Amino acid sequence: MQASYYPSEVEEQVQAYWEKHLSFQVTERLDKEKFYCLSMLPYPSGHLHMGHVRNYTIGDVMSRYERMRGRNVMQPMGWDAFGLPAENAAIQREVPPAKWTYQNIEHMKHQLKRMGFGFDWSRELTTCKPEYYRWEQWFFTKLVEKGLAYRRNAIVNWDPVDQTVLANEQVIDGKGWRSGAIVEKREIPQWFIRITSYADELLDELDSLEGWPDSVKTMQRNWIGRSEGLEIEFKIDKECQAPLRVFTTRPDTIYGATFMAVSIDHPLTQSVASQNPDVSDFVSSCRRGAVSEVEFEAMEKRGMSLDVNAINPLSGEKIPVWVANFVLTGYGTGAIMAVPAHDTRDHEFALRYRLPIRQVISPLTDEEVDVQIQPWVAKENTVTVNSGDFSGLSYHMAFEKIATFAEQHGIGERKINYRLRDWGVSRQRYWGCPIPIIHCSVCGPVPIPEDHLPVLLPEDVTFMGVQSPLRELDDWLNVNCPKCGKSSVRETDTFDTFVESSWYYARYCTPNAPSMLDDRADYWLPVDHYIGGIEHAVLHLLYFRFWHKLMRDIGLVSSDEPTTKLLCQGMVLAKAYYRDNDESGRIWIRPEEVDFHTHEGTTDKVPVWKVDGQVVDETGWTTMSKSKNNGVDPHDLIDRYGADTVRLFTMFASPPDQSLEWNDDAVAGSHRFLRRLWAIVYRHEDISTVKLENFSTVDQTTRTLRRDVHTILQRIHRGMERQQYNTVVAGCMEMMNSLDRFDIGDSMERKVALTEGIDILIRVLSPITPHICHVLWQALGKNEELLDSPWPVVDPLALIRDKIQLVVQINGKRRTQIDVTPGLEDQEIRAVVLSDPTVSQYIGDATVKKVVVVPDRLVNLVI
RNA sequence: GCCGGAGUGGCGAAACUGGUAGACGCGCCAGACUCAAAAUCUGGUGGUGGCAACACCGUGUCGGUUCGAGUCCGACCUCCGGCACCA
């Protein structure tokens with residue numbers, strides 16, 4: 001064994017050992033409990049960033065720990081290889097997206113290997129390869145057959161200059177990011193998958209997902225947004241107009257409706273607009289503007305009277321109908337009844353356009369309510385007022401009575417609405433999985449039969465970034481209709497990349513299967529622990545759950561949910577640097593290219609670009625992302641300190657579910673710890689192989705060491721189980737401090753106790769820093785494979801104490817502490833405490849009114 | 001705007017079920033070793049007052065519950081994530 005720790009040597013050697021022994025290749029085994037540990041697959045952007053390192057280190061620590069606990073662990077890895085950045089790179093660097101992607105994968109795979117992650121590379125998958133995407137094409141044709149996929153028109157961002165569809169991310173302040181042209185909305189036919197048919201199951205099953213964080217479940221619940229309400233008809237006082245149907249969750253407020261509002265696409269609006277140029281101008285002015293919900297919510301709430309009246313179905317009152325830009329076309333019926341007294345948005349609108357506000361709900365308490373000033377939206381402890389026959393009722397009673405009334409009179413019905421919308425999967429892009437459809441002028445859209453699949457995406461193309469090159473490839477585009485044989489054209493849209501990431505976890509279980517999945521899937525599924533960024537809490541994780549149910553209903557898997565446990569790691573944040581430029585917009589500068597200059601006479605540090613020495617702008621803490629160019633490359637850190645240090649530091653810096661503000665100055669401390677660990681093993685390399693069965697007769701110092709080691713082990717174990725790896729590392733550091741301070745002298749029993757401590761320390765640390773532990777383990781002459789050595793067990797006898805420190809509080813303030821033997825009865829503790837001289841001083845002449853005893857911990861005297 | 005989180009020393013953080021706030025580490029200060037420096041090792045380190053024992057204050061802000069609150073409840077402030085075509 002060498003006297004000093006050389007990480008690169010150690011790591012190369014150990015990685016070669018794992019490679020040679022195929023240490024992480026697994027197959028289905030019935031003699032062991034399986035553990036499927038899944039980390040979210042990366043987009044191959046070109047470089048591993050700290051978010052990946054954090055994600056995969058968490059997964060690797062968990063996997064290695066579970067393996068030591070005796071499980072058959074599978075930990076796969078792959079590439080989410082389709083997507084927009086490859087197209088952008090293609091335009092910038094004139095490289096075909098495929099070539100760029102495959103190069104990136106090669107580089108990143110090398111980086112992952114250098115980190116020492118225990119992936120089973122024989123299961124690697126790449127989503128842009130036909131052997132992967134062919135199965136999702138096949139699956140999609142099944143969905144079309146089952147009526148779960150359908151085509152309808154939907155709105156996209158249209159860049160009139162570049163003649164292309166833009167992603168929301170590519171629209172900045174309403175303008176195209178490259179052309180700068182004002183973005184238009186355009187309606188085009190697109191494919192949708194009926195996630196709304198599964199809304200109830202997706203919602204209800206959240207309750208049984210005990211291993212999921214509550215925050216994620218709450219977000220999904222709110223996203224699905226199930227609401228029970230009443231759909232009710234308001235007649236229009238013009239003969240020719242169909243009645244307005246509105247959905248409301250507050251039937252108890254119907255008497256307070258003082259106007260109606262309809263969306264700009266509502267038939268009533270269109271009918272009025274055709275005769276009224278003001279309305280039609282208003283509608284077209286609303287058509288520009290937001291596609292995304294953020295912009296939609298942020299925009300000014302505007303409206304215009306349609307000069308039409310509706311008749312309140314309960315009171316018979318005539319109320320005006322308005323068209324308003326905040327009424328959603330896609331939610332409910334595209335029309336609402338507005339009750340400004342009891343709804344915040346309606347209230348705002350009513351004030352703005354001076355529409356009447358009428359209170360129809362009162363509090364049961366003596367709370368003061370003035371709805372002219374503020375809306376009052378409570379549902380509990382309320383009573384209806386000014387509501388004719390329906391006055392004097394609670395929310396629930398009013399709901400029931402009014403709903404029943406509406407149903408009996410044929411003017412309405414109880415209904416359930418969802419905020420969730422069907423999943424639009426069409427993308428007007430080249431670098432994605434081709435949607436397996438042929439458009440025939442006779443048969444319409446025809447799914448491609450199984451024996452004609454896959455539809456290959458041509459990889460050798462010149463991509464100019466203006467339009468999808470698929471439209472230009474005549475050989476690819478023109479085909480005969482599979483049904484009638486007439487010449488037809490292929491669908492040129494590709495799938496949303498969320499489709500690939502919705503089922504990759506299942507395919508990992510069945511590498512090389514000549515079908516989408518096979519029996520092996522049911523051995524491994526569901527995933528036991530899924531680890532990924534919190535930013536995926538809703539979209540990806542909902543589609544992922546949804547797709548699993550689709551696969552179940554086609555008979556490919558038998559479980560209901562894809563994963564039993566979920567860990568959402570916090571974001572890794574870094575500062576980002578940029579400069580705004582009139583011509584090219586905002587350019588982002590890599591942190592490595594930024595220096596900090598101190599101005600004379602101040603301590604303020606100003607970021608400057610190394611290239612030109614000029615000042616750049618700085619963001620606050622923000623996510624590391626490709627677009628902001630602020631990813632920290634772990635490569636340099638590995639070169640400097642080794643992968644073990646990087647792994648140790650990322651685990652130590654903060655708990656997995658919290659965000660981590662990256663600061664590489666602090667890494668050195670973790671490295672120092674590994675050097676000390678190396679040194680202590682080097683000092684005791686000739687360590688004893690004797691095992692003591694019975695430690696009960698050893699000296700006090702040895703007993704103290706063993707108590708420390710086993711108490712800390714207990715905490716480390718708890719940290720592992722809770723995935724609080726930062727406290728695991730802290731525990732390892734403490735344990736080493738204890739071992740380091742322990743002087744063995746010539747004592748055999750002390751030597752044995754130290755041996756035990758070092759053995760435990762190396763084992764518990766090995767999931768986090770596996771390379772150094774592997775080498776130290778061998779240096780100690782262990783024959784057993786460290787990867788499969790059992791996780792150490794706490795010796796309960798070592799934990800026994802003969803004295804404990806009892807804290808004494810007086811009126812809740814800590815005053816002193818007393819040593820007592822553990823396990824005393826309350827009465828005994830009381831006596832000891834009250835007879836203590838320090839305590840008596842504090843009490844003085846006062847009478848003790850109350851004594852609170854927390855056994856073996858604390859006593860509080862109330863005087 | 002809506003939904004979900006977070007806020008504790010100079011910094012990253014810990015604190016089990018409401019029971020000694022600040023474990024562990026970074027940084028800093030002092031000392032040892034050295035011709036010197038680096039590295040390493042030892043000790044100290046929340047704030048204020050005090051020679052000291054010690055006292056008071058202290059977990060984003062304000063208020064509440066409790067013998068006792070970082071932890072529970074209410075209101076607010078700031079920051080982060082998501083908002084359906086970034087992944």
Side-chain angles (χ1 to χ4, degrees), chain A residues 40 42-43 45 80 82-85 88 156-157 165-171 190 213-223 225 291-299 301 344-345 419-429 496-498 501 533-540 542-543 568 570-571 573 620-623 625-627 649 652-655 657-661 663 665-670 672-673 675-676 679 715 718 722 724 726-727 729-734 737 805-817 849-852 854 857-863:
Chain A
M40 287 184 185
Y43 178 80
S45 57
D80 187 16
F82 277 136
L84 209 48
N88 297 333
V156 292
N157 302 305
V165 175
L166 297 178
N168 285 346
E169 189 192 48
Q170 298 171 314
V171 180
Q190 306 200 60
D214 289 335
S215 55
V216 174
K217 289 191 277 188
T218 308
M219 280 189 261
Q220 293 211 349
R221 258 181 218 115
N222 293 337
W223 185 263
V291 171
S292 75
E293 189 187 321
V294 188
E295 288 175 284
F296 188 82
E297 290 289 338
M299 77 191 179
K301 310 287 177 283
T344 312
R345 194 151 57 176
R419 204 186 77 96
L420 181 69
R421 310 197 292 260
D422 276 339
W423 176 14
V425 293
S426 298
R427 296 292 179 270
Q428 296 69 43
R429 295 199 215 300
D496 176 7
T497 55
F498 275 127
S501 57
I534 183 68
E535 69 274 22
H536 296 292
V538 175
L539 289 179
H540 162 65
L542 195 63
Y543 295 141
C568 285
M571 311 292 293
L573 308 178
W621 288 109
T622 181
T623 52
S625 72
K626 296 174 287 293
S627 58
F649 178 72
F652 185 48
S654 71
D657 55 356
Q658 259 177 52
S659 61
L660 190 158
E661 290 167 7
N663 167 14
D665 293 342
V667 181
S670 298
R672 191 151 38 217
F673 168 74
R675 283 216 303 266
R676 286 180 61 204
R715 287 213 315 268
R718 186 165 180 272
R722 297 199 309 160
Q724 295 293 100
N726 55 328
T727 64
V729 175
C732 290
M733 288 173 167
E734 259 184 278
N737 290 341
Q805 291 178 332
L806 189 72
V807 170
V808 182
Q809 293 186 337
I810 291 166
N811 288 342
K813 283 199 175 198
R814 181 182 177 279
R815 289 306 181 188
T816 185
Q817 58 184 34
K849 291 185 206 148
K850 191 172 174 184
V851 181
V852 181
V854 183
R857 296 198 74 135
L858 168 145
V859 173
N860 188 16
L861 306 174
V862 185
I863 59 173

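Below, read A as the first sequence line, B as the second, and so on, with proteins coming before strands; counting in each chain starts at 1. Being a predicted model, the structure only gives us computed values, none of them experimental.
- Pairing for B/rA53 is absent, with no Watson-Crick or G-U wobble pair whose two atom distances lie under 3.5 Å.
- B/rA75 and B/rC83 have their C1' atoms separated by 26 Å, with the value rounded to a whole Å.
- Of the C1' atoms belonging to B/rA6 and B/rU66, the separation is 26 Å, rounded to the nearest Å.
- For the residue pair A/R815/A/N860, the side-chain donor-acceptor check at 3.5 Å is not satisfied.
- Checked against side chain to side chain donor-acceptor pair (under 3.5 Å), A/E734 has the following partners two or more places apart in sequence or in another chain: A/R715.
- Side-chain proximity of A/R675 to B/rA39, B/rC24, B/rC67: nearest is B/rA39.
- Nearest nucleotide to the A/R421 side chain, out of B/rU20, B/rA14, B/rA84: B/rA84.
- A donor and an acceptor atom never sit less than 3.5 Å apart when one is taken from the side chain of A/Q658 and the other from the base of B/rG5.
- Base engagement by A/R419 is indicated by at least one non-hydrogen atom pair under 4.0 Å involving a base atom.
- Interface remark: the A/Q428 side chain does form a donor-acceptor pair with the B/rC85 base, using a distance-only criterion of under 3.5 Å.
- Comparing the C1' positions of B/rA23 and B/rA14 gives a spacing of 5 Å, expressed to the nearest Å.
- In the set B/rA84, B/rA13, B/rC85, the nucleotide with an atom closest to the side chain of A/S654 is B/rA13.
- Across all strands shown, the partner of B/rU40 is B/rA32, judged by Watson-Crick or G-U wobble contacts whose two distances both fall under 3.5 Å.
- B/rG9 and B/rG5 are spaced 24 Å apart, taking the C1' atom of each and rounding to whole Å.
- Ranking B/rG19, B/rC24, B/rU40 by closeness to the A/R672 side chain, first place goes to B/rU40.
- Using a 4.0 Å heavy-atom distance criterion, A/P655 is classed as a sugar-phosphate-only contact.
- For A/N860 and B/rC67, a side-chain-to-base donor-acceptor distance below 3.5 Å is present, hydrogens and geometry of angles not being considered.
- In the set B/rA55, B/rC67, B/rA15, the nucleotide with an atom closest to the side chain of A/K850 is B/rC67.
- Within the 4.0 angstrom heavy-atom criterion, base atoms lie near A/L858.
- Taking only distance into account, the side chain of A/R718 never meets the base of B/rC16 through a donor-acceptor pair shorter than 3.5 Å.
- Nearest to the side-chain atoms of A/N222 among the listed nucleotides B/rC85, B/rC3, B/rC67 stands B/rC3.
- Comparing B/rC73 with B/rC85, their C1' atoms sit 43 Å apart, to the nearest whole Å.
- As judged by a 4.0 angstrom heavy-atom cut-off over every strand, A/N726 is placed among residues touching the sugar-phosphate backbone only.
- When both pairing distances are held under 3.5 Å, B/rG25 makes a Watson-Crick or G-U pair with B/rC11.
- Applying the Watson-Crick and G-U wobble criteria (two distances, each under 3.5 Å), B/rU20 pairs with nothing in any strand.
- B/rC72 sits 11 Å from B/rG19 when the P atoms are compared, rounded to a whole Å.
- When distances run from any side-chain atom of A/M219 to the nucleotides B/rA13, B/rC3, B/rA87, the shortest one goes to B/rC3.
- Taking the P atom of each, B/rC26 and B/rG44 are spaced 15 Å apart, rounded to whole Å.
- Counting all heavy atoms, side chain and backbone alike, A/L806 lies closest to A/V859 at CD2-CG2, 3.7 Å.
- Rounded to whole Å, the separation between the C1' atoms of B/rG60 and B/rC77 comes to 8 Å.
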